[in-house]
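What follows is a set of notes on a single structure, which appears directly below.
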Protein chains: 2
Amino acid sequence: MGITERKEREKESRKESIIDAAQKVFFDKGLLLSTMDEIAEQAELAKGTLYLYYHSKEDLYLAVMMRGLSLLHGMLRRVIGSHGSFVATLLQLSDTYTQFYEEHKNYFRMMHFFETPQFHKQVSEEMHRSCDSVTQELWNMVIEELRQGTVQQMVRSDLSPVEITIVLWSNATTLLMRIDAQYDLWKETMDIDLKHTLRLSTQLLIESILTEKGKDELHRILNTRNR
Amino acid sequence: MGITERKEREKESRKESIIDAAQKVFFDKGLLLSTMDEIAEQAELAKGTLYLYYHSKEDLYLAVMMRGLSLLHGMLRRVIGSHGSFVATLLQLSDTYTQFYEEHKNYFRMMHFFETPQFHKQVSEEMHRSCDSVTQELWNMVIEELRQGTVQQMVRSDLSPVEITIVLWSNATTLLMRIDAQYDLWKETMDIDLKHTLRLSTQLLIESILTEKGKDELHRILNTRNR
DNA sequence: GGTACGAATGACTTGCGGTCAGTGACTACA
DNA sequence: TGTAGTCACTGACCGCAAGTCATTCGTACC
């Protein structure tokens with residue numbers, strides 16, 4: 001009796017195809033200008049059907065966002081899984097985040113909706129927990145890598161790996177957001193290349209958290225790169 | 001014939017009293033959950049009247065936000081105007097921003113609405129320019145102070161004062177936002193005090209942008225403080 | 001062929017941002 | 001003092017979009 005299972009699969013694929021449709025519309029118009037009617041039309045379903053699968057427009061938005069989160073998670077995991085030296089991995093994690101922004105701006109933008117609590121009053125408890133847990137997993141992975149850095153005496157032992165992760169991550173995020181929203185502004189009014197600013201701040205922070213041993217490694221890598 | 005002038009004054013005070021009302025409601029409920037009907041009631045005016053003074057709900061929101069911006073501007077200007085040593089001033093600027101957050105969280109939250117372009121499609125060109133110019137003024141003030149640091153050879157001459165300002169400001173902002181939204185979360189799940197993390201990252205960054213001379217000054221000040 | 005049941009529908013309700021024809025208080029002038 | 005003109009103000013109304021639910025439809029099972 002595979003009917004229940006088939007139904008289950010169909011339900012799952014329906015959920016996915018709704019996300020497909022929602023993604024198209026959200027990418028195109030953003031949260032505010034997208035309408036459920038438009039998403040329904042794109043999905044070739046009636047509006048009411050959308051609500052059988054997602055509690056609200058915002059839930060649907062987050063469902064799309066979680067695809068981006070998974071994508072980023074995968075990209076970072078591959079970097080960590082490649083088992084390069086700690087410092088090299090750290091630099092690669094940073095580059096990978098930038099790469100994620102460059103290649104998946106739409107997902108990147110969505111992720112900051114979740115970080116701005118005042119804009120999602122309509123999110124279901126369930127979806128909220130779901131996002132929290134995926135986010136937490138991603139953080140834990142990066143934090144664990146930083147812990148390795150401490151163990152290997154590449155990272156200053158007087159600094160908490162968790163705090164360092166927060167600082168590095170926050171720095172990259174906020175500058176990427178600024179690049180996204182204000183790159184031309186700063187270029188034109190101040191002749192500032194925000195991408196350079198991001199590299200600069202990352203380098204300043206990384207240098208300041210490394211031990212002497214770590215710094216040696218860092219400069220060795222940077223020299224090799226520039227050759 | 002002072003009638004025109006009186007009318008002018010009355011118009012101005014009406015605008016202010018509308019902002020007063022809007023502020024109460026927005027502080028209480030945030031942008032999304034506040035309604036123009038509620039603001040009108042609070043202002044003891046008909047809804048239509050609000051639109052004689054502000055083009056949209058979002059314009060009104062930004063009008064309130066600009067009060068916060070002016071407040072912050074004033075606080076920072078006083079610090080810079082006190083003409084302490086460069087490093088001391090830099091530390092104070094940082095503390096003042098934190099203080100602004102602590103004492104005026106509502107304004108702080110509003111300010112990040114303006115930084116998130118995807119959420120304001122309804123803002124009039126006029127209000128947008130107005131916000132931009134006030135923001136620009138605030139930035140310029142801080143950037144100018146950093147330039148002084150370079151001139152006084154307290155700040156590394158190989159770093160652009162503008163870029164440093166962007167990095168320090170962004171770092172503080174993003175961590176204050178995190179404190180606002182996730183302080184308890186990090187405290188409970190990771191035993192991390194984000195306020196400490198903010199101080200840490202600020203110190204790491206400041207140290208990394210100072211010259212040897214600047215660092216001497218910094219440590220002199222920190223030692224005096226801790227005594 | 002009939003029945004049970006979940007999936008899907010779309011007309012409808014609700015709520016809010018924004019509009020505009022109408023009102024009346026105040027001003028200017030004869 | 002009477003009258004025409006101005007303008008701040010009003011609130012009923014409009015359009016739109018999120019979300020609902022009584023009804024219909026398709027399929028499995030008897």
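These numbers come from the heavy atoms of this one structure, side chains and all, not from hydrogens, waters or symmetry mates. Since this is a predicted model, take the numbers as computed values, not measurements. First the proteins, then the strands, lettered A, B, ... as listed; each starts at 1.
Here the side chain of B:Y51 is nearest to one of C:dT19, D:dA8, D:dT20, namely C:dT19. Residue B:M36 has its side chain nearest to C:dG17 when only C:dG17, C:dA8, D:dA17 are considered.
Under the 3.5 Å distance criterion, the side-chain polar atoms of A:D59 are matched with a main-chain donor or acceptor of A:S124. At least one donor-acceptor pair closer than 3.5 Å links the side chain of B:E163 to the backbone N or O of A:T197. Not a single donor-acceptor pair under 3.5 Å links the side chain of A:T96 to the backbone N or O of A:L76. The closest donor-acceptor contact from the side chain of A:K57 to the backbone of A:S34 lies under 3.5 Å. Side-chain atoms of B:T174 do not come within 3.5 Å of backbone N or O of B:S170 as any donor-acceptor pair.
At a cut-off of 3.5 angstrom, the base of D:dA18 holds at least one donor-acceptor pair with the side chain of A:K47. At a cut-off of 3.5 angstrom, the base of C:dG18 holds no donor-acceptor pair with the side chain of B:K57.
A:Y54 comes within contact range of no nucleotide atom at all, as no heavy-atom separation falls under 4.0 Å. Here B:T49 lies in heavy-atom contact (under 4.0 Å) with a base.
Between the CG atom of A:L52 and the P atom of D:dT20 there is a distance of 11 Å, given to the nearest Å. In this entry the distance linking CG of B:L60 with P of C:dC16 reads 16 Å, nearest Å. One can place CZ of A:R14 at 17 Å from P of C:dG6, the figure rounded to the nearest angstrom. Atom P of nucleotide C:dG17 and atom CG of A:L32 are separated by 13 Å, given to the nearest angstrom. Taking atom CD1 of B:I18 as the reference point, atom P of D:dA8 lies 12 Å away to the nearest angstrom. Distance, A:L50 CG to C:dA8 P: 11 Å, rounded to whole Å. At whole-Å resolution of the value, CD in A:E10 and P in C:dG6 are 15 Å apart. Straight-line distance from the CG atom of B:D37 to the P atom of C:dT14: 17 Å, rounded to whole Å.
The shortest distance between side-chain heavy atoms of B:W169 and A:R178 falls below 4.5 Å.
Residues from residues 39-46 of chain A lying near DNA chain C, meaning a heavy-atom separation below 4.0 Å, are A:L45, A:A46 in numerical order.
Side chains of A:E38 and A:Q42: a donor-acceptor N/O pair is absent below 3.5 angstrom, by distance only.
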